[in-house]
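See below for the structure under consideration.
Residue numbers run from 1 in the order of the sequence given.
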Amino acid sequence: MSEVQSPTAQNAASPPPSPTEEVRSGLEGVLAFATEIAEPDKAGSALRYRGVDIENLVGAVPYEQVWGLLVDGHFKPGLPPAEPHTLTVRSGDPRVDVQAALAMLAPEWGFGQLIDISDEEARDNLARASVMALSFVAQSARGAGQPPVAQAEVDKGSTIPERFLIRWRGEADPSHVKAIDAYWVSAAEHGMNASTFTARIVASTGADCAAALSSAVGALSGPLHGGAPSRVLKMLDEVERSGDAERWVSEALDRGERLMGFGHRIYRAEDPRARVLRRTCRELGSPRFEVAEALEQAALAELHARKPDRVLATNVEFWSAVVLDLAEVPPDLFTSLFTCARVAGWSAHILEQKREGKLIRPTARYVGPGPRSIEEVD
(Lines give C-alpha, C1' and ligand atoms only; values in the text may rest on other atoms or scores of the structure.)
Protein backbone atom coordinates (compact mmCIF):
# COMPACT_ATOMS: atom_id res chain seq x y z
CA MET A 1 0.00 0.00 0.00
CA SER A 2 1.38 3.40 -0.89
CA GLU A 3 2.19 6.03 1.70
CA VAL A 4 -0.04 9.07 1.20
CA GLN A 5 0.13 12.49 2.82
CA SER A 6 -2.53 15.15 2.77
CA PRO A 7 -2.16 17.50 -0.20
CA THR A 8 -1.30 20.39 2.07
CA ALA A 9 1.50 18.42 3.74
CA GLN A 10 3.25 16.91 0.72
CA ASN A 11 6.87 17.90 0.31
CA ALA A 12 9.54 17.07 -2.19
CA ALA A 13 11.18 13.74 -1.46
CA SER A 14 14.36 13.99 0.59
CA PRO A 15 17.55 12.92 -1.17
CA PRO A 16 18.88 9.48 -0.18
CA PRO A 17 21.58 9.47 2.50
CA SER A 18 25.13 9.62 1.27
CA PRO A 19 27.32 6.55 1.87
CA THR A 20 29.41 8.54 4.33
CA GLU A 21 26.46 9.92 6.30
CA GLU A 22 26.50 8.77 9.91
CA VAL A 23 23.87 6.26 11.04
CA ARG A 24 22.92 6.96 14.65
CA SER A 25 21.79 3.72 16.23
CA GLY A 26 18.57 4.18 18.17
CA LEU A 27 18.29 7.70 16.67
CA GLU A 28 20.53 8.89 19.50
CA GLY A 29 20.78 12.67 19.36
CA VAL A 30 18.72 13.00 16.17
CA LEU A 31 16.55 16.12 16.25
CA ALA A 32 13.17 15.06 14.86
CA PHE A 33 10.60 17.58 16.13
CA ALA A 34 10.12 21.11 17.37
CA THR A 35 7.72 20.97 20.33
CA GLU A 36 6.06 23.42 22.69
CA ILE A 37 4.99 20.75 25.20
CA ALA A 38 7.84 20.00 27.60
CA GLU A 39 11.44 20.91 28.29
CA PRO A 40 13.69 18.44 30.10
CA ASP A 41 16.59 20.64 31.23
CA LYS A 42 19.67 18.41 30.97
CA ALA A 43 22.10 20.55 32.90
CA GLY A 44 19.69 22.40 35.18
CA SER A 45 18.04 19.32 36.68
CA ALA A 46 14.57 20.62 35.84
CA LEU A 47 11.50 19.50 33.93
CA ARG A 48 9.00 22.09 32.75
CA TYR A 49 5.56 21.53 31.23
CA ARG A 50 4.92 24.42 28.85
CA GLY A 51 7.33 26.48 30.96
CA VAL A 52 5.99 25.48 34.39
CA ASP A 53 8.39 23.55 36.62
CA ILE A 54 7.01 20.24 37.90
CA GLU A 55 8.30 21.10 41.38
CA ASN A 56 5.65 23.83 41.43
CA LEU A 57 2.95 21.51 40.05
CA VAL A 58 3.26 18.42 42.25
CA GLY A 59 1.03 18.78 45.29
CA ALA A 60 -0.42 22.08 44.04
CA VAL A 61 -2.21 21.29 40.76
CA PRO A 62 -4.19 18.03 40.39
CA TYR A 63 -3.36 15.63 37.61
CA GLU A 64 -6.50 16.35 35.58
CA GLN A 65 -5.50 20.00 35.32
CA VAL A 66 -1.90 19.10 34.44
CA TRP A 67 -3.39 17.09 31.57
CA GLY A 68 -5.06 20.34 30.52
CA LEU A 69 -1.81 22.29 30.78
CA LEU A 70 0.00 19.82 28.53
CA VAL A 71 -2.77 19.40 25.95
CA ASP A 72 -4.43 22.84 25.94
CA GLY A 73 -1.84 25.15 27.45
CA HIS A 74 -4.13 26.00 30.37
CA PHE A 75 -5.38 24.15 33.44
CA LYS A 76 -9.13 24.16 32.85
CA PRO A 77 -11.31 22.45 31.78
CA GLY A 78 -8.66 19.73 31.94
CA LEU A 79 -9.45 16.02 31.93
CA PRO A 80 -13.14 15.14 32.49
CA PRO A 81 -14.38 12.18 34.56
CA ALA A 82 -14.59 8.84 32.77
CA GLU A 83 -17.85 7.84 31.16
CA PRO A 84 -19.51 4.65 32.47
CA HIS A 85 -18.05 1.99 30.18
CA THR A 86 -17.43 -1.61 31.20
CA LEU A 87 -14.10 -3.23 30.41
CA THR A 88 -14.91 -6.17 28.15
CA VAL A 89 -11.34 -7.44 27.57
CA ARG A 90 -10.15 -9.73 30.37
CA SER A 91 -6.80 -11.31 29.55
CA GLY A 92 -5.42 -11.37 33.09
CA ASP A 93 -2.81 -8.75 32.13
CA PRO A 94 -3.92 -5.13 32.78
CA ARG A 95 -1.56 -3.77 30.14
CA VAL A 96 -3.04 -6.01 27.46
CA ASP A 97 -6.58 -5.22 28.63
CA VAL A 98 -5.98 -1.48 28.40
CA GLN A 99 -4.21 -1.58 25.06
CA ALA A 100 -6.98 -3.66 23.48
CA ALA A 101 -9.85 -1.75 25.09
CA LEU A 102 -8.41 1.59 24.00
CA ALA A 103 -8.16 0.49 20.37
CA MET A 104 -11.80 -0.64 20.48
CA LEU A 105 -13.03 2.82 21.51
CA ALA A 106 -12.77 4.14 17.94
CA PRO A 107 -15.45 1.85 16.46
CA GLU A 108 -17.48 1.84 19.69
CA TRP A 109 -17.63 5.63 20.00
CA GLY A 110 -17.29 6.59 16.35
CA PHE A 111 -13.90 8.31 16.53
CA GLY A 112 -12.93 9.75 13.17
CA GLN A 113 -9.43 9.54 11.77
CA LEU A 114 -7.18 12.45 12.63
CA ILE A 115 -6.77 13.38 8.98
CA ASP A 116 -10.54 13.87 8.67
CA ILE A 117 -11.48 15.69 11.89
CA SER A 118 -10.90 19.13 13.39
CA ASP A 119 -8.41 19.89 16.13
CA GLU A 120 -11.34 20.48 18.50
CA GLU A 121 -12.83 17.05 17.79
CA ALA A 122 -9.42 15.41 18.14
CA ARG A 123 -8.91 17.09 21.50
CA ASP A 124 -12.32 15.83 22.67
CA ASN A 125 -11.54 12.29 21.51
CA LEU A 126 -8.19 12.37 23.30
CA ALA A 127 -9.79 13.53 26.56
CA ARG A 128 -12.47 10.82 26.46
CA ALA A 129 -9.97 8.08 25.57
CA SER A 130 -7.30 9.26 28.05
CA VAL A 131 -9.56 9.08 31.07
CA MET A 132 -10.98 5.76 29.87
CA ALA A 133 -7.43 4.37 29.96
CA LEU A 134 -7.41 5.16 33.68
CA SER A 135 -10.83 3.56 34.11
CA PHE A 136 -9.73 0.44 32.23
CA VAL A 137 -6.62 0.08 34.42
CA ALA A 138 -8.76 0.35 37.56
CA GLN A 139 -11.32 -2.14 36.29
CA SER A 140 -8.66 -4.62 35.18
CA ALA A 141 -6.77 -4.27 38.47
CA ARG A 142 -9.97 -4.96 40.41
CA GLY A 143 -10.12 -8.39 38.81
CA ALA A 144 -12.75 -10.33 36.93
CA GLY A 145 -14.09 -12.04 40.07
CA GLN A 146 -14.90 -8.78 41.87
CA PRO A 147 -18.19 -6.96 41.28
CA PRO A 148 -17.72 -3.50 39.73
CA VAL A 149 -17.93 -0.52 42.05
CA ALA A 150 -21.20 1.36 41.66
CA GLN A 151 -20.91 4.54 39.61
CA ALA A 152 -22.55 6.47 42.46
CA GLU A 153 -19.60 5.55 44.68
CA VAL A 154 -17.06 6.52 42.01
CA ASP A 155 -18.81 9.87 41.60
CA LYS A 156 -18.06 10.68 45.25
CA GLY A 157 -14.42 11.19 44.28
CA SER A 158 -13.50 14.85 43.85
CA THR A 159 -10.35 14.31 41.75
CA ILE A 160 -9.39 11.90 38.97
CA PRO A 161 -6.88 9.97 41.17
CA GLU A 162 -9.51 9.62 43.91
CA ARG A 163 -12.10 8.34 41.42
CA PHE A 164 -9.49 5.93 40.06
CA LEU A 165 -8.84 4.42 43.49
CA ILE A 166 -12.54 4.13 44.31
CA ARG A 167 -13.18 2.38 40.99
CA TRP A 168 -10.30 0.02 41.73
CA ARG A 169 -10.66 -0.64 45.47
CA GLY A 170 -14.04 0.74 46.43
CA GLU A 171 -12.36 3.31 48.67
CA ALA A 172 -9.60 5.90 48.53
CA ASP A 173 -7.09 6.46 51.32
CA PRO A 174 -6.21 10.21 51.24
CA SER A 175 -2.46 9.53 51.44
CA HIS A 176 -2.73 7.08 48.55
CA VAL A 177 -4.60 9.68 46.50
CA LYS A 178 -1.83 12.21 47.11
CA ALA A 179 0.89 9.68 46.28
CA ILE A 180 -0.69 8.63 42.99
CA ASP A 181 -1.47 12.22 42.03
CA ALA A 182 2.17 13.19 42.66
CA TYR A 183 3.40 10.24 40.61
CA TRP A 184 1.04 10.92 37.71
CA VAL A 185 1.96 14.62 37.58
CA SER A 186 5.69 13.90 37.66
CA ALA A 187 5.42 11.18 34.99
CA ALA A 188 2.87 12.90 32.73
CA GLU A 189 5.35 13.91 30.03
CA HIS A 190 9.04 13.64 29.26
CA GLY A 191 9.81 14.55 25.69
CA MET A 192 10.64 12.20 22.86
CA ASN A 193 10.81 8.78 24.49
CA ALA A 194 9.92 5.49 22.77
CA SER A 195 6.18 5.48 23.57
CA THR A 196 5.68 9.16 22.71
CA PHE A 197 7.56 8.72 19.44
CA THR A 198 5.32 5.74 18.67
CA ALA A 199 2.19 7.81 19.36
CA ARG A 200 3.43 10.55 17.02
CA ILE A 201 4.28 8.07 14.27
CA VAL A 202 0.79 6.59 14.36
CA ALA A 203 -0.79 10.05 14.55
CA SER A 204 1.26 11.13 11.53
CA THR A 205 -0.46 8.46 9.42
CA GLY A 206 -3.81 10.14 10.11
CA ALA A 207 -5.09 7.26 12.26
CA ASP A 208 -7.69 7.82 14.99
CA CYS A 209 -6.76 9.01 18.49
CA ALA A 210 -7.54 5.68 20.15
CA ALA A 211 -5.18 3.85 17.78
CA ALA A 212 -2.37 6.30 18.55
CA LEU A 213 -2.86 5.95 22.32
CA SER A 214 -3.12 2.17 22.11
CA SER A 215 0.13 1.95 20.16
CA ALA A 216 1.90 3.99 22.84
CA VAL A 217 0.70 1.57 25.53
CA GLY A 218 2.35 -1.24 23.59
CA ALA A 219 5.64 0.65 23.36
CA LEU A 220 5.54 1.32 27.11
CA SER A 221 5.23 -2.38 27.93
CA GLY A 222 8.91 -3.14 27.36
CA PRO A 223 11.12 -3.31 30.48
CA LEU A 224 13.63 -0.83 29.01
CA HIS A 225 10.98 1.91 29.02
CA GLY A 226 8.25 1.23 31.57
CA GLY A 227 9.23 -1.68 33.76
CA ALA A 228 12.24 -0.62 35.83
CA PRO A 229 10.54 0.79 38.99
CA SER A 230 9.26 -2.65 40.02
CA ARG A 231 12.86 -3.87 40.11
CA VAL A 232 13.79 -1.17 42.64
CA LEU A 233 11.58 -2.81 45.27
CA LYS A 234 13.63 -6.00 45.03
CA MET A 235 16.74 -3.98 45.96
CA LEU A 236 14.93 -2.35 48.89
CA ASP A 237 13.80 -5.75 50.17
CA GLU A 238 17.37 -7.08 50.05
CA VAL A 239 18.81 -4.01 51.78
CA GLU A 240 16.18 -4.28 54.51
CA ARG A 241 17.12 -7.92 55.09
CA SER A 242 20.85 -7.20 55.14
CA GLY A 243 20.58 -4.15 57.40
CA ASP A 244 23.67 -2.62 55.79
CA ALA A 245 23.06 -0.53 52.66
CA GLU A 246 26.74 0.27 52.04
CA ARG A 247 27.84 -3.36 52.18
CA TRP A 248 24.91 -4.51 50.02
CA VAL A 249 25.71 -1.93 47.32
CA SER A 250 29.40 -2.79 47.31
CA GLU A 251 28.75 -6.53 47.06
CA ALA A 252 26.12 -6.07 44.33
CA LEU A 253 28.51 -4.02 42.21
CA ASP A 254 31.31 -6.53 42.83
CA ARG A 255 29.01 -9.19 41.37
CA GLY A 256 28.52 -7.04 38.29
CA GLU A 257 24.87 -6.32 39.06
CA ARG A 258 23.19 -3.15 37.86
CA LEU A 259 21.68 -0.78 40.42
CA MET A 260 18.22 0.11 39.20
CA GLY A 261 17.17 3.74 39.52
CA PHE A 262 20.50 5.46 38.89
CA GLY A 263 21.74 7.24 35.79
CA HIS A 264 19.71 8.73 32.94
CA ARG A 265 20.22 9.26 29.21
CA ILE A 266 18.92 12.83 29.45
CA TYR A 267 19.94 14.41 32.75
CA ARG A 268 23.50 15.22 33.71
CA ALA A 269 22.42 15.86 37.28
CA GLU A 270 19.69 14.53 39.56
CA ASP A 271 16.46 13.68 37.78
CA PRO A 272 14.03 16.43 38.92
CA ARG A 273 11.21 13.89 39.06
CA ALA A 274 13.17 11.89 41.62
CA ARG A 275 13.49 15.03 43.72
CA VAL A 276 9.76 15.77 43.83
CA LEU A 277 8.83 12.15 44.50
CA ARG A 278 11.40 11.93 47.31
CA ARG A 279 9.78 15.01 48.82
CA THR A 280 6.35 13.40 48.47
CA CYS A 281 7.49 10.20 50.18
CA ARG A 282 8.93 12.21 53.06
CA GLU A 283 5.80 14.34 53.45
CA LEU A 284 3.45 11.36 53.36
CA GLY A 285 5.52 9.30 55.78
CA SER A 286 6.48 6.39 53.53
CA PRO A 287 7.39 3.37 55.70
CA ARG A 288 10.25 2.69 53.31
CA PHE A 289 11.62 6.20 53.27
CA GLU A 290 14.57 5.56 55.61
CA VAL A 291 15.80 2.40 53.87
CA ALA A 292 15.30 4.03 50.46
CA GLU A 293 17.29 7.09 51.49
CA ALA A 294 20.06 4.90 52.95
CA LEU A 295 20.25 2.85 49.76
CA GLU A 296 20.25 5.98 47.62
CA GLN A 297 23.10 7.60 49.56
CA ALA A 298 25.16 4.41 49.60
CA ALA A 299 24.63 3.84 45.88
CA LEU A 300 25.53 7.40 44.91
CA ALA A 301 28.71 7.33 47.00
CA GLU A 302 29.86 3.96 45.66
CA LEU A 303 29.02 4.77 42.04
CA HIS A 304 30.94 8.03 42.27
CA ALA A 305 33.94 6.25 43.83
CA ARG A 306 34.00 3.61 41.12
CA LYS A 307 33.07 5.77 38.14
CA PRO A 308 34.12 9.34 38.99
CA ASP A 309 33.98 10.45 35.34
CA ARG A 310 30.34 9.45 34.85
CA VAL A 311 27.24 11.22 36.17
CA LEU A 312 25.10 8.51 37.78
CA ALA A 313 22.52 10.40 39.80
CA THR A 314 19.16 9.18 41.05
CA ASN A 315 16.50 8.88 38.37
CA VAL A 316 12.70 8.84 38.47
CA GLU A 317 12.45 5.05 38.64
CA PHE A 318 13.94 4.86 42.14
CA TRP A 319 11.49 7.11 43.96
CA SER A 320 8.59 6.09 41.69
CA ALA A 321 8.88 2.62 43.18
CA VAL A 322 8.80 4.02 46.72
CA VAL A 323 5.83 6.33 46.13
CA LEU A 324 3.80 3.61 44.38
CA ASP A 325 4.64 1.19 47.18
CA LEU A 326 3.37 3.81 49.63
CA ALA A 327 0.05 3.80 47.73
CA GLU A 328 0.02 -0.03 48.01
CA VAL A 329 0.24 -0.50 44.25
CA PRO A 330 1.54 -4.03 43.51
CA PRO A 331 4.67 -4.18 41.32
CA ASP A 332 2.84 -5.89 38.45
CA LEU A 333 0.69 -2.75 38.12
CA PHE A 334 3.56 -0.24 38.04
CA THR A 335 3.68 -0.09 34.23
CA SER A 336 -0.08 0.37 34.02
CA LEU A 337 0.13 3.27 36.50
CA PHE A 338 2.81 4.75 34.25
CA THR A 339 0.35 4.44 31.36
CA CYS A 340 -2.23 6.39 33.37
CA ALA A 341 0.25 9.20 33.90
CA ARG A 342 1.64 9.34 30.38
CA VAL A 343 -1.69 9.60 28.51
CA ALA A 344 -1.35 13.34 29.17
CA GLY A 345 1.93 13.68 27.29
CA TRP A 346 0.84 11.29 24.55
CA SER A 347 -2.35 13.28 23.98
CA ALA A 348 -0.43 16.54 23.73
CA HIS A 349 2.00 15.07 21.19
CA ILE A 350 -0.74 13.42 19.13
CA LEU A 351 -2.50 16.78 18.84
CA GLU A 352 0.76 18.57 18.04
CA GLN A 353 1.57 16.00 15.37
CA LYS A 354 -1.90 16.39 13.84
CA ARG A 355 -1.29 20.10 13.48
CA GLU A 356 2.10 19.47 11.89
CA GLY A 357 0.37 17.36 9.24
CA LYS A 358 3.34 15.44 7.90
CA LEU A 359 3.90 11.69 7.66
CA ILE A 360 6.92 10.53 9.67
CA ARG A 361 9.10 8.57 7.26
CA PRO A 362 12.80 8.31 8.20
CA THR A 363 15.43 6.79 5.93
CA ALA A 364 17.55 3.68 6.40
CA ARG A 365 20.88 2.90 4.77
CA TYR A 366 20.94 -0.50 3.09
CA VAL A 367 23.99 -2.53 4.15
CA GLY A 368 22.92 -6.01 2.96
CA PRO A 369 24.15 -8.13 0.03
CA GLY A 370 24.56 -6.60 -3.40
CA PRO A 371 22.58 -7.68 -6.48
CA ARG A 372 22.59 -11.50 -6.84
CA SER A 373 20.71 -14.30 -8.53
CA ILE A 374 18.24 -16.77 -7.06
CA GLU A 375 20.87 -19.51 -7.37
CA GLU A 376 23.26 -17.59 -5.13
CA VAL A 377 20.82 -17.65 -2.19
CA ASP A 378 21.40 -20.57 0.21
Side-chain angles (χ1 to χ4, degrees), residues 40-47 53-59 175-176 178-187 190 223-224 226-331 334 337-338 341:
D41 187 337
K42 298 179 181 181
S45 184
L47 173 60
D53 197 305
I54 63 165
E55 294 207 48
N56 298 325
L57 291 169
V58 172
S175 65
H176 295 179
K178 292 178 182 178
I180 287 178
D181 185 72
Y183 172 68
W184 283 356
V185 170
S186 67
H190 200 249
L224 296 182
S230 61
R231 305 182 184 200
V232 173
L233 291 185
K234 182 176 180 290
M235 296 195 311
L236 292 176
D237 290 339
E238 293 177 0
V239 169
E240 281 185 309
R241 284 194 295 268
S242 75
D244 188 334
E246 294 181 359
R247 186 181 68 183
W248 184 91
V249 167
S250 179
E251 291 177 352
L253 292 175
D254 287 343
R255 293 190 298 268
E257 295 179 10
R258 180 181 176 186
L259 300 183
M260 304 306 296
F262 299 92
H264 199 280
R265 292 179 68 178
I266 297 294
Y267 297 106
R268 296 298 173 261
E270 182 182 50
D271 188 327
R273 300 167 296 175
R275 188 163 56 247
V276 297
L277 291 179
R278 183 194 299 110
R279 182 188 75 196
T280 300
C281 289
R282 182 189 297 111
E283 291 173 352
L284 295 179
S286 165
R288 291 204 183 215
F289 183 79
E290 290 186 6
V291 67
E293 194 172 46
L295 172 56
E296 179 185 37
Q297 292 174 356
L300 292 175
E302 190 67 17
L303 288 170
H304 179 70
R306 296 186 184 217
K307 301 177 180 180
D309 297 330
R310 292 185 60 189
V311 178
L312 293 170
T314 313
N315 65 40
V316 66
E317 295 161 352
F318 187 87
W319 286 101
S320 291
V322 184
V323 81
L324 290 174
D325 182 68
L326 164 63
E328 298 181 7
V329 177
F334 280 11
L337 267 288
F338 193 179

Main-chain N/O of Val276 paired with Thr280 side-chain donor or acceptor, under 3.5 Å: yes

Minimum heavy-atom distance Ala321-Val232, with the two atoms named: CB-CB, 3.6 Å

Validation row: Arg275, Arg279 side chains within 4.5 angstrom (heavy atoms): no

Minimum heavy-atom distance between Ala294 and Ala245, given as atom pair plus value: O-CB, 3.7 Å

Arg247/Asp254 salt bridge by N-O under 4.0 Å criterion: no

Interatomic spacing from CD in Glu317 to CE in Met260 - rounded to 0.5 Å: 5.5 Å

Heavy-atom neighbours of Glu246 CD exceed 12 at 6.0 Å: no

Value rounded to 0.5 Å, distance of CD1 in Ile180 from OG in Ser175: 9.5 Å

Any Val58 side-chain heavy atom under 4.5 Å of Tyr183 side chain: no

Close side-chain approach of His190 to Arg273, heavy-atom, < 4.5 Å: yes

Euclidean distance, Asp53 CG relative to Leu47 CG, rounded to 0.5 Å: 7.5 Å

Test: Arg278 and Glu296 ion pair at under 4.0 Å: yes

Smallest separation among heavy atoms of Asn315 and Phe262, with atom names: ND2-N, 3.3 Å

Where Ser250 and Glu302 come nearest, the two heavy atoms and their spacing: OG-OE2, 4.2 Å

Nearest heavy atoms of Pro272 and Ser45, plus distance in Å: CB-O, 3.4 Å

From Leu295 atom CG to Glu238 atom CD, the distance as rounded to the nearest 0.5 Å: 10.0 Å

Arg288 bridged to Glu240 by N-O distance under 4.0 Å: yes

4.5 Å side-chain heavy-atom contact, Val185 and Asp181: yes

Within 6.0 Å of CZ in Arg306, more than 12 heavy atoms from elsewhere: yes

Side chain to side chain contact (heavy atoms under 4.5 Å, CB included) between Met235 and Trp248, intermediate numbers included: CA-CA 9 Å; Met235 296 195 311; Trp248 184 91; 3.7 Å; yes

Heavy-atom check, side chain of Val322 versus side chain of Leu277, under 4.5 Å: no

Sub-4.5 Å side-chain heavy-atom contact between Trp319 and Phe289: yes

pair Leu303-Leu253: side-chain heavy atoms closer than 4.5 Å: yes

For Pro287 against Leu326, the heavy-atom pair lying closest together: CD-CD1, 4.1 Å

Atom CZ of Arg255 with >12 non-hydrogen neighbours under 6.0 angstrom: yes

